Amino acid sequence: MDPEALHRRGLLNSIDRAFAEMIHRIQGENAPWVALAAGLVSRAAADGNVCLDLESIVDDGIPVPDGNGSLFLDISLERWRRLLNASTAVGNTNEKNPLI
């Protein structure tokens with residue numbers, strides 16, 4: 001599921017989608033799961049959260065705005081974490097990457 005598709009479904013707003021697209025461009029590789037995580041991080045921040053609970057998203061899905069269930073993703077938590085850890089857009093607290 002790419003950020004544009006989530007934007008069309010109302011799960012990401014325009015800023016979330018733009019942040020996801022920027023992350024996708026700067027990492028220089030084709031990693032849609034990293035871009036999706038970036039969009040969801042942006043959404044979480046707008047909702048007042050300081051982090052994104054990947055496990056909850058994998059287990060419970062992404063809540064649909066109208067309250068009509070959740071959108072489930074076709075990825076395991078382990079695979080998503082591996083993709084994020086391998087991404088040039090993701091770093092630790094001692095690095096200057098856009099995602100920590």
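Note that the structure is predicted; figures quoted are calculated from it, not measured. The chain is numbered in sequence order, starting from 1.
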**Request:** Go through the steps to decide whether I75 and L36 satisfy the test side chain to side chain contact (heavy atoms under 4.5 Å, CB included), and finish with yes or no.
**Result:** CA-CA 12 Å; I75 191 167; L36 176 60; over 6 Å; no

Can you give me the closest heavy-atom contact between [X] and [Y], atom names plus distance?
{"X": "D16", "Y": "S42", "result": "OD1-OG, 2.7 Å"}
{"X": "L54", "Y": "R81", "result": "CD1-CG, 4.3 Å"}
{"X": "A20", "Y": "G39", "result": "CB-N, 3.7 Å"}
{"X": "S76", "Y": "R79", "result": "OG-N, 3.1 Å"}

In the structure I gave you, are the side-chain heavy atoms of [X] and [Y] within less than 4.5 Å of one another anywhere?
{"X": "T93", "Y": "I100", "result": "yes"}
{"X": "P3", "Y": "E21", "result": "no"}
{"X": "D60", "Y": "S70", "result": "no"}
{"X": "L11", "Y": "P65", "result": "yes"}
{"X": "F72", "Y": "I62", "result": "no"}
{"X": "I23", "Y": "V34", "result": "yes"}

**Cluster overlap F19 with I26, hydrophobic side-chain contacts below 4.5 Å** =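 Result: yes, single cluster for both.
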
So how far is it from [X] [atom1] to [Y] [atom2], rounded to the nearest 0.5 Å?
{"X": "D2", "Y": "H24", "atom1": "CG", "atom2": "NE2", "value": "9.0 Å"}
{"X": "I57", "Y": "L40", "atom1": "CD1", "atom2": "CG", "value": "5.0 Å"}
{"X": "R43", "Y": "L52", "atom1": "CZ", "atom2": "CG", "value": "9.5 Å"}

Is there a donor-acceptor contact under 3.5 Å from the side chain of [X] to the main chain of [Y]?
{"X": "N97", "Y": "T88", "answer": "yes"}
{"X": "N49", "Y": "C51", "answer": "no"}
{"X": "W80", "Y": "W33", "answer": "yes"}

**Asked** Is there a salt bridge (Lys or Arg N to Asp or Glu O under 4.0 Å) between R8 and E4 once you walk through the steps?
**Response** CA-CA 6 Å; R8 285 192 304 270; E4 178 58 35; 3.7 Å; yes

